[in-house]
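Naming convention: chains lettered A, B, ... in sequence-line order (proteins, then strands); numbering from 1 in each chain.
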There are 2 protein chains.
Amino acid sequence: MIIKIGELAKISGCSVQTIRHYDKEQLLSAKIRSDGNFRLYDQADIERLLFIKHCRSLDLSLAEIRQLLSLNDSPMSQCDDVNQMIEQHIEQVERRIADLTQLNKQLKALRLSCNSKRTVEHCGILKQLNEAVSQTN
Amino acid sequence: MIIKIGELAKISGCSVQTIRHYDKEQLLSAKIRSDGNFRLYDQADIERLLFIKHCRSLDLSLAEIRQLLSLNDSPMSQCDDVNQMIEQHIEQVERRIADLTQLNKQLKALRLSCNSKRTVEHCGILKQLNEAVSQTN
DNA sequence: ATTGACTCTATAGTTACTATAGACTTTAAA
DNA sequence: TTTAAAGTCTATAGTAACTATAGAGTCAAT
């Protein structure tokens, strides 16, 4: 079964432009083209794209996915490499969660500092933000 | 006290380019320039930049900060506007935290699926990723 | 007068796309 | 068979918030 980019887009749920983007980025290149230069894909390409999509949903970067795909393509490489990459990725995600949690706390404190209906002149939020500034200074 | 961009950078902890960027983005424009066209800043500018920096540390976008600054500049506006913006921002942050937490769970499950030293051929992680694909399909 | 440090503008690069323009191909109907 | 619509092509610009660079000009001290 050979399909064109539009159908691949439908099947995969990626946009046409995204697929072209992955082509340019060497993640999924259409190995064959039609006489009129249209990209043609087969079953293996569909699976590869779904693999990419799944990895993206795990927030892996295109560079990381490229690495994963190349490991997948060369079966001699060590599983450790994959493990290590995932490990690093987990750390990164956890750091981001910690940052955002901290952030959330501050924002909520900020929200408490102003109970509406006053003009900005006396807005507690802006006051707080300004005070934080002079402390930092 | 009038200072040039380099000193403002030192005082604020922002890079010189970042300050120029804020200038271009109309967040902090140097109202005066030297004869040789150097940006000149005063105390109020320092405070404004620290305000911006503080907002950035709360992950507010430059657009949001611009809005906050203009509210700050026109004291007739309602505190509610500020409140609402912060509220939205909190929601956004909480959504992101939830996403990442979910993500983290999946990544950890993935990590468990391969205990190293095997060739990629039998790597549990890649296997898992591929299986997820065929399920999605 | 010259050196070195600083600053200027303009431009390109980062990430993972999305959107557009203008041209070409394919498919289906008239 | 012609034609029109839908699909596809490449190349380019835009998104966010910067960072980095090039090439030129300015300032402060020697």
Side-chain angles (χ1 to χ4, degrees), chain A residues 2-41 45 48-49 51-69 88-89 92-93 96 99-100 103, chain B residues 2-41 45 49 51-69 85 88-89 92-93 96 99-100 103:
Chain A
I2 282 177
I3 56 175
K4 283 181 290 183
I5 199 168
E7 198 172 354
L8 180 57
K10 249 179 238 153
I11 292 171
S12 66
C14 298
S15 78
V16 167
Q17 290 108 306
T18 297
I19 297 171
R20 288 204 196 102
H21 182 62
Y22 291 162
D23 192 339
K24 203 187 328 181
E25 294 292 320
Q26 322 249 40
L27 290 173
L28 177 73
S29 54
K31 292 166 288 294
I32 41 171
R33 297 274 184 131
S34 75
D35 288 352
N37 200 33
F38 284 16
R39 290 173 178 85
L40 298 175
Y41 299 96
D45 293 322
R48 193 177 174 97
L49 179 54
F51 177 89
I52 293 169
K53 204 190 167 198
H54 184 56
C55 290
R56 284 296 299 143
S57 80
L58 295 173
D59 224 26
L60 295 169
S61 70
L62 296 194
E64 287 172 318
I65 297 171
R66 200 181 352 257
Q67 199 184 332
L68 232 40
L69 284 168
Q88 274 178 16
H89 194 70
Q92 189 186 310
V93 168
R96 186 77 183 132
D99 287 352
L100 287 176
L103 187 57
Chain B
I2 282 177
I3 55 175
K4 283 180 290 183
I5 199 168
E7 199 173 356
L8 180 57
K10 251 179 235 151
I11 291 171
S12 66
C14 297
S15 78
V16 167
Q17 289 107 306
T18 297
I19 296 171
R20 289 205 195 101
H21 182 61
Y22 291 163
D23 192 338
K24 203 188 325 182
E25 294 291 321
Q26 322 249 41
L27 290 173
L28 177 73
S29 52
K31 291 167 287 296
I32 40 171
R33 297 274 184 132
S34 75
D35 289 352
N37 200 33
F38 283 16
R39 290 173 178 85
L40 298 176
Y41 300 97
D45 293 321
L49 180 52
F51 178 88
I52 294 169
K53 205 190 165 197
H54 184 57
C55 291
R56 283 296 298 143
S57 81
L58 295 173
D59 225 26
L60 296 168
S61 70
L62 297 193
E64 288 171 319
I65 297 170
R66 202 182 348 260
Q67 199 184 331
L68 232 41
L69 283 168
M85 208 197 74
Q88 275 178 16
H89 194 70
Q92 188 186 311
V93 168
R96 185 77 184 131
D99 286 352
L100 287 176
L103 186 56

>> Distance check needed: D:dC27 C1' versus B:Leu40 CG, whole Å only.
In response: 12 Å

> Would you call A:Arg39 and A:Leu8 a side-chain contact if the rule is heavy atoms closer than 4.5 Å?
Replying inline: no

>> Please check this pair: side chain of B:Lys53 against backbone of B:Ser12, looking for a donor-acceptor N/O pair closer than 3.5 Å.
In response: yes

> Does a nitrogen or oxygen in the side chain of B:Arg33 sit under 4.0 Å from OP1 or OP2 of C:dT9?
Replying inline: yes

>> Using side-chain heavy atoms (C-beta onward) and a distance below 4.5 Å, is B:Leu40 in contact with B:Arg33?
In response: no

Which protein N or O atoms sit under 3.5 Å from an N or O of nucleotides 18-21 of chain C?
from   : atom 1 : to      : atom 2 : distance (Å)
C:dT18 : OP2    : A:Ser15 : OG     : 3.1
C:dT18 : OP2    : A:Thr18 : OG1    : 2.5

> Expressed in angstrom and rounded to an integer, what is the separation of B:Ile5 atom CD1 from D:dT26 atom P?
Replying inline: 17 Å

>> If the condition is salt bridge (charged side-chain N to carboxylate O under 4.0 Å, His left out), which residues does B:Lys10 pass it with, not counting sequence neighbours?
In response: none

> From C:dC17, D:dT8, C:dA16, pick the nucleotide closest to the side chain of A:Tyr22?
Replying inline: C:dC17

>> Pick the closest DNA chain C nucleotide for B:Lys10 and for B:Lys24 by heavy atoms, then say which residue is nearer the 5' end.
In response: B:Lys10

>> Evaluate A:Leu68 against A:Glu64 for side-chain contact (heavy atoms from CB on, under 4.5 Å), listing each step before the verdict.
In response: CA-CA 6 Å; A:Leu68 232 40; A:Glu64 287 172 318; over 6 Å; no

>> side-chain contact (heavy atoms from CB on, under 4.5 Å) for A:Leu49 and A:Tyr41? Distances and angles first, verdict last.
In response: CA-CA 10 Å; A:Leu49 179 54; A:Tyr41 299 96; over 6 Å; no

Set out, line by line, the N/O atom pairs under 3.5 Å between protein and nucleotides 25-28 of chain C.
from   : atom 1 : to      : atom 2 : distance (Å)
C:dT26 : OP1    : A:Ser34 : OG     : 3.3
C:dT26 : OP1    : A:Gly36 : N      : 2.8

> Are the side chain of A:Arg56 and the backbone of A:Ile65 linked by a donor-acceptor contact shorter than 3.5 Å?
Replying inline: no

>> Would B:Ile32 and B:Ile2 count as a side-chain contact (heavy atoms from CB on, under 4.5 Å) here? Give the steps.
In response: CA-CA 10 Å; B:Ile32 40 171; B:Ile2 282 177; 4.1 Å; yes

